[in-house]
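The next block holds one structure in the form of structure tokens; read it before the comments.
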Protein chains: 2
Amino acid sequence: MIKATVHVTIKESVLDPQGATVQGALHSLGFNEVESLRIGKFMEIELDTDNREEAEQRLKVMCEKLLANTVVEDYRFELEG
Amino acid sequence: MIKATVHVTIKESVLDPQGATVQGALHSLGFNEVESLRIGKFMEIELDTDNREEAEQRLKVMCEKLLANTVVEDYRFELEG
């Protein structure tokens, strides 16, 4: 069993309306020190394999095929234990 | 300027329909090794302050008030450099 965490973030050059909305809400609540805020997705995945190299290759394909929209999003993943 | 990352995850005891849907989609694509998949949110925040202690306190309040729904979600945050 291998645990992996995947982070999917919107590319720097792409607008993040959800983040902008949350930033505006924080300003309304008095948190004026918030200079920027961007929101991404975060996935915790358990893989039924013990082959780390294979797990990395498979995760890369999962990200490219389904988990991230690589036109506007970046992804990165790490394997645990 | 302090950079912070905030992770908001659905509590273990709470169903994650979005994660279940993505897991099902991965299975349909042939990634049968995916045993579990849970999706959370991930925020990159820039704070206009140099006081790390104050930043931590303020972030905690932001999470409790707006960023996480503490009834069904857990949060954690780390400060960078």
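Residue numbering restarts at 1 for every chain, and letters A, B, ... go by the order of the sequence lines.
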Please determine, by modelled atom types, if A:T49 and B:E33 share a side-chain donor-acceptor pair under 3.5 angstrom.
no

Side chains of A:M43 and B:L37: does their closest heavy-atom pair fall under 4.5 Å?
yes

Cluster check B:I45, B:F42: I/L/V/M/F/W/Y, side chain < 4.5 angstrom:
no

Check salt bridge (Lys or Arg N to Asp or Glu O under 4.0 Å) between B:E44 and all other residues, then give those that pass, not counting sequence neighbours.
none

Shortest non-hydrogen contact from A:D50 to A:M1?
OD1-N, 2.8 Å

Under a 4.5 Å cutoff for heavy-atom pairs, which residue among B:N32, B:V34, B:V6, B:L29 has the most contacts with chain A?
B:V34

Determine whether A:I2 and A:R52 make a side-chain contact, defined as any pair of heavy atoms from C-beta on separated by less than 4.5 Å.
yes

Answer yes or no: is there a side-chain heavy-atom contact under 4.5 Å between A:T9 and A:R38?
no

Path from A:V8 to A:L47 over hydrophobic side-chain contacts below 4.5 Å
yes

Sequence neighbours left out, cut at 3.5 Å: what donor-acceptor pairs do the side chains of residues 66-73 of chain B make with other protein atoms?
| from | atom 1 | to | atom 2 | distance (Å) |
| --- | --- | --- | --- | --- |
| B:N69 | OD1 | B:V71 | N | 3.1 |
| B:E73 | OE1 | B:N69 | N | 2.8 |

Might you work through the side-chain contact (heavy atoms from CB on, under 4.5 Å) test for A:K3 and B:E35, ending with a clear yes or no?
CA-CA 10 Å; A:K3 280 194 185 182; B:E35 288 245 313; over 6 Å; no

Residues in residues 10-25 of chain B that sit under 4.5 Å from chain A, counting heavy atoms only:
B:V22, B:A25

Would you please go through residues 55-64 of chain B and name the residues with a non-hydrogen atom below 4.5 Å from one of chain A, in numerical order?
B:R58, B:V61, B:M62

